[in-house]
There are 2 protein chains.
Amino acid sequence: MLSNPKIEEEKLDPRIKRTRKLIQRSFMDIIAEKGFQSISVQDVTARAGVNRATFYAHFPDKYALLDYSIGEAFRREIEQRMLNVCEFNLDNIRVLIVTVCEFIKNIHSHNSADVQYQTLAETQIRSQVYELILHWLEKIKTIKNCTVSRERAATATSWAIYGLAHQWAHEKQKSSAKTFADEVLPLIAANLGQTIKFP
Amino acid sequence: MLSNPKIEEEKLDPRIKRTRKLIQRSFMDIIAEKGFQSISVQDVTARAGVNRATFYAHFPDKYALLDYSIGEAFRREIEQRMLNVCEFNLDNIRVLIVTVCEFIKNIHSHNSADVQYQTLAETQIRSQVYELILHWLEKIKTIKNCTVSRERAATATSWAIYGLAHQWAHEKQKSSAKTFADEVLPLIAANLGQTIKFP
DNA sequence: TAAATTTGACAACAGTTGTTGCTTATCCAA
DNA sequence: TTGGATAAGCAACAACTGTTGTCAAATTTA
């Protein structure tokens, strides 16, 4: 994300861009119709009008396609909120928590019974959250003199944010994402407080 | 784990127990030989001497079998260290962190390139860690008067422990699990400190 | 502009998956 | 001990997966 895949993509052969867009659009359409578990590569390529062998030239399997698609969708959410170009403060942490909550809730509403879909989605989202937090922490100069590194703090924080958001998304009677973010902010701040000084 | 699957299993038809044991043993043997990704249900049932249709009567697919097997193996580690029958303190948290580290390291050494295997394993391990921590927290009476519930703290803590252990296991030059546990204990304690008072 | 390279389509192939209905073997309860 | 219930074996089936080598079309490069 911070090593922008978009720049790399701008150099791609137009056929590659067109083929992947066709595949991805059909993929997301069919997921909305029948869920990830029931989808087949055959389904996707028939809908996309792309040969199966071509699919395999771009993606090893449907899991890789999901990984790629979720990654792009979440990256778009982050960029839309300008989180990738702002700096660390508790308000931005709150916005990040809300973003993750809304994204997981959206996924959950379509594929709530599909654990595999959700665990695959998790990996992409958590990775991007980690990169973002680490990027923010690296820009801060007022670091505490202790053994907890930025990497450790970013790891604990990104996994905790994801876990809490995931728990929230699965609750039947849930508060708003913003209320929830306020509720859990002390936990997240406690993590980060091990490596930085809050004002 | 706290609703003991072992008791339920003792009531099972002996043929079911025997069949599952055969399947599981063959499964673990073949994983050691050629990794999870390359394994097929056909492989497992041929090795086990069990019909494929019988396999499907017990497990929907190889992912479910992995889930079950990892769950059993990790449960055994927890019970072996008596973590399920002891109470909350920082030493036991440290032992839990070490246990998770060693377990992930063991998995990683066999299937390091297999992300799917690792994300499936994660779900089982994290669940059990969550149940254990929540169980410990529920026994403590000295709870802080704040909005962070035991469930939230257990969630943040279990995800953070898993994330940190996973990061450690993937490092090429890593400290011992015990050294690592000491290093990250402040982070974990900071999470838990949001809902309980430390002595 | 033309040659070189890359991408995608195609058909064929071997292998695996997941299910089904029927039969046999094993276990349990009376 | 026996009959009923359950578990497992079996073969067949339709469908899908993943790969391969060849050819045509599209793009890039010189």
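Per chain, numbering begins at 1; letters A, B, ... match sequence-line order. Values below: every heavy atom of this structure, side chains too, minus hydrogens, waters and symmetry copies.
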Practice prompt. Tell me which nucleotide among C:dT19, D:dC16, C:dG8 gets nearest to the side chain of A:Ile16.
Written response: C:dG8
Discussion item. Side chains of A:Asp29 and A:Ser26: any donor to acceptor distance under 3.5 Å?
Written reply: no
Worksheet item: Counting just side-chain N and O atoms, does B:Tyr56 come under 4.0 Å of either OP1 or OP2 of C:dT19?
Response: no
Worksheet item: Taking atom P of D:dT29 as reference, at what distance in whole Å does atom NZ of A:Lys11 sit?
Response: 12 Å
Worksheet item: Between atom CZ in A:Arg20 and atom P in C:dG8, what is the gap in whole Å?
Response: 8 Å
Item to complete: Side chain of A:Arg18 only, please: which of D:dT27, C:dA9, D:dA8 is the nearest?
Response: D:dT27
Worksheet item: Would you call A:Arg20-A:Glu72 a salt bridge at under 4.0 Å N-O?
Response: no
Worksheet item: C:dT7 C1' sits how many Å from A:Leu22 CG, rounded?
Response: 14 Å
Practice prompt. Among C:dC27, D:dA8, C:dA9, find the nucleotide with the atom closest to the side chain of B:Pro14.
Written response: C:dC27
Worksheet entry | B:Asp61 CG to C:dG18 P, straight-line distance once rounded to whole Å | 6 Å
Worksheet entry | Residue mapping more 5' on DNA chain C - nearest nucleotide basis, B:Lys62 or A:Ala57 | A:Ala57
Worksheet item: Are OP1 or OP2 of C:dG8 and a side-chain N or O of A:Asn51 less than 4.0 angstrom apart?
Response: no
Worksheet item: Does D:dA7 have OP1 or OP2 sitting under 4.0 Å from an N or O in the side chain of B:His58?
Response: no
Worksheet item: When rounded to the nearest 0.5 angstrom, what distance separates CG in B:Leu83 from CD in B:Glu77?
Response: 10.0 Å
Discussion item. Looking only at the side chain of A:Ala53 (C-beta and beyond, no hydrogens), which of the listed nucleotides D:dG9, D:dT27, C:dA11 gets closest?
Written reply: C:dA11
Worksheet item: Atom CZ of A:Arg52 to atom P of D:dG18: distance rounded to whole Å?
Response: 9 Å
Worksheet item: Does the side-chain hydrogen bond (donor to acceptor under 3.5 Å, both in side chains) test come out yes or no for B:Gln124 and B:Gln128, once each step is laid out?
Response: CA-CA 6 Å; B:Gln124 263 299 322; B:Gln128 293 188 33; 3.3 Å; yes
Item to complete: Measure from CG on B:Leu12 to C1' on C:dC27 and round the result to the nearest Å.
Response: 13 Å
Discussion item. Nearest whole Å is fine: how far is C:dT16 P from B:Gln37 CD?
Written reply: 15 Å
Practice prompt. Answer with yes or no whether the side chains of A:Ser40 and A:Asp43 bring together a donor and an acceptor at under 3.5 Å.
Written response: yes
Worksheet item: Once you round it to whole Å, what is the distance between C1' of D:dG9 and CZ of B:Arg15?
Response: 12 Å
